[in-house]
Novice: 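The structure under discussion is supplied below as structure tokens; questions concerning it will follow.
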Amino acid sequence: MGDFSAKVFEQVRRIPRGKVSTYGQIARLIGSPRSARYVGWALRNNSEPVKTPCHRVVFKDGRLAQGYAFGGEDKQRCLLAGEGVTFADETHVDMEACLWDPERDEQGRPADIDWEREMADE
DNA sequence: CAAATGACAAAAT
DNA sequence: AATTTTGCCATTT
């Protein structure tokens with residue numbers, strides 16, 4: 001794993017329960033504003049399911065990643081909904097309400113919740 | 001070893 | 001305003 005991936009995971013783990021972040025936002029946090037694409041690459045290449053809540057990372061417009069995502073995008077949607085994330089419509093997270101603001105505060109707990117259990121159902 | 005590739009988003013046409 | 005190109009990391013071919 002490269003330094004890049006390590007930083008990605010570090011930030012993704014900070015996303016609070018009930019909030020989401022975006023690929024671009026994570027990219028900015030680790031100091032590579034133009035590397036949103038590679039954030040996705042890092043998560044795919046080295047996703048450590050239990051430690052890193054990668055389901056909380058979505059598109060800037062609130063859409064979920066197509067194609068991949070650990071089990072299907074409907075499962076991701078289910079996980080998010082279970083954490084209290086609200087949706088503007090079928091395919092879009094309500095970004096206004098649920099986008100994590102890293103500058104503001106940790107807005108809750110350090111994302112070290114037992115989302116293993118949440119994943120258990122289904 | 002060089003070249004292609006991938007969970008995106010912003011800049012340039 | 002809409003479409004195309006660029007960004008530039010690490011792994012795979």
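Chain letters run A, B, ... following the sequence lines, proteins first, then strands; residues in each count from 1.
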Novice: What integer distance in Å separates A/Leu99:CG from B/dA9:C1'?
Specialist: 14 Å
Novice: Taking atom P in both C/dC8 and B/dT13, compute the distance separating them and give it to the nearest angstrom.
Specialist: 16 Å
Novice: Send over the distance from A/Leu29 CG to B/dA9 C1', rounded to a whole Å.
Specialist: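 From A/Leu29 CG to B/dA9 C1': 15 Å.
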Novice: Distance only, no hydrogens: is a donor on one side chain within 3.5 Å (strictly under) of an acceptor on the other, for A/Arg28 and A/Gln25?
Specialist: no
Novice: Would you call A/Thr52 and A/Val8 a side-chain contact if the rule is heavy atoms closer than 4.5 Å?
Specialist: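 They are not in contact (no side-chain heavy atoms under 4.5 Å apart), so the answer is no.
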Novice: Taking only residues two or more places apart in sequence, or in another chain, which ones meet A/Arg34 in a side chain to side chain donor-acceptor pair (under 3.5 Å)?
Specialist: none
Novice: Test side-chain hydrogen bond (donor to acceptor under 3.5 Å, both in side chains) on A/Thr91 and A/Asp89; report intermediate values, then the result.
Specialist: CA-CA 6 Å; A/Thr91 54; A/Asp89 62 53; 3.2 Å; yes
Novice: Ignoring hydrogens, what is the shortest heavy-atom contact between A/Met95 and A/Val20? Give both atom names and the distance.
Specialist: SD-CG2, 3.9 Å
Novice: Grab the CG-C1' distance between A/Leu80 and B/dA7 for me, whole Å please.
Specialist: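 Going from A/Leu80 (CG) to B/dA7 (C1'), I get 13 Å.
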Novice: Between C/dT11 and B/dA9, how many Å separate the two C1' atoms, rounded to a whole number?
Specialist: 22 Å
Novice: Let me know the distance between CD of A/Gln11 and P of C/dC9, rounded to the nearest Å.
Specialist: 17 Å
Novice: When rounded to the nearest Å, what value does the distance between P atoms of C/dT5 and B/dA4 take?
Specialist: 16 Å
Novice: Give the residues of residues 84-98 of chain A touching DNA chain B, defined as any heavy atom closer than 4.0 Å, sorted by residue number.
Specialist: none
Novice: Tell me, what's DNA chain B's dot-bracket, Watson-Crick or G-U with both distances under 3.5 Å, | for other-strand, [ ] crossing?
Specialist: .|||||.||||||
Novice: Answer with base, sugar-phosphate or nothing: what part of the nucleic acid does A/Arg28 contact at a heavy-atom distance below 4.0 Å?
Specialist: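 Sugar-phosphate: the residue A/Arg28, judged by heavy atoms under 4.0 Å, touches backbone atoms but no base.
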Novice: Is the phosphate of C/dC9, meaning OP1 or OP2, less than 4.0 Å from a side-chain N or O of A/Lys7?
Specialist: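 So the side chain of A/Lys7 is outside the cut-off, no N or O lying under 4.0 Å from OP1 or OP2 of C/dC9.
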Novice: So A/Phe59, base contact, sugar-phosphate only, or nothing? Heavy-atom distance under 4.0 Å.
Specialist: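 It contacts sugar-phosphate atoms only.
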Novice: Going by number, which of residues 31-39 of chain A have a non-hydrogen atom under 4.0 Å from DNA chain B?
Specialist: A/Arg34, A/Ala36, A/Arg37, A/Tyr38
Novice: Taking side chain to side chain donor-acceptor pair (under 3.5 Å) as the definition, give me every residue that meets it alongside A/Asn45, ordered by chain and number, with sequence neighbours left out.
Specialist: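 Partners of A/Asn45 under the side chain to side chain donor-acceptor pair (under 3.5 Å) test: none.
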Novice: Can you measure from CD (A/Gln66) to CD (A/Glu73) and round to the nearest 0.5 angstrom?
Specialist: 6.0 Å
Novice: Tabulate protein N/O versus nucleotide N/O from nucleotides 10-13 of chain C, keeping only pairs under 3.5 Å, one per line.
Specialist:
{"from": "C/dA10", "atom 1": "OP1", "to": "A/Phe4", "atom 2": "N", "distance (Å)": "3.4"}

Novice: Starting at atom CG of A/Leu64, determine the distance to atom P of B/dA9, rounded to an integer number of angstrom.
Specialist: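 After rounding, the gap between these two atoms is 12 Å.
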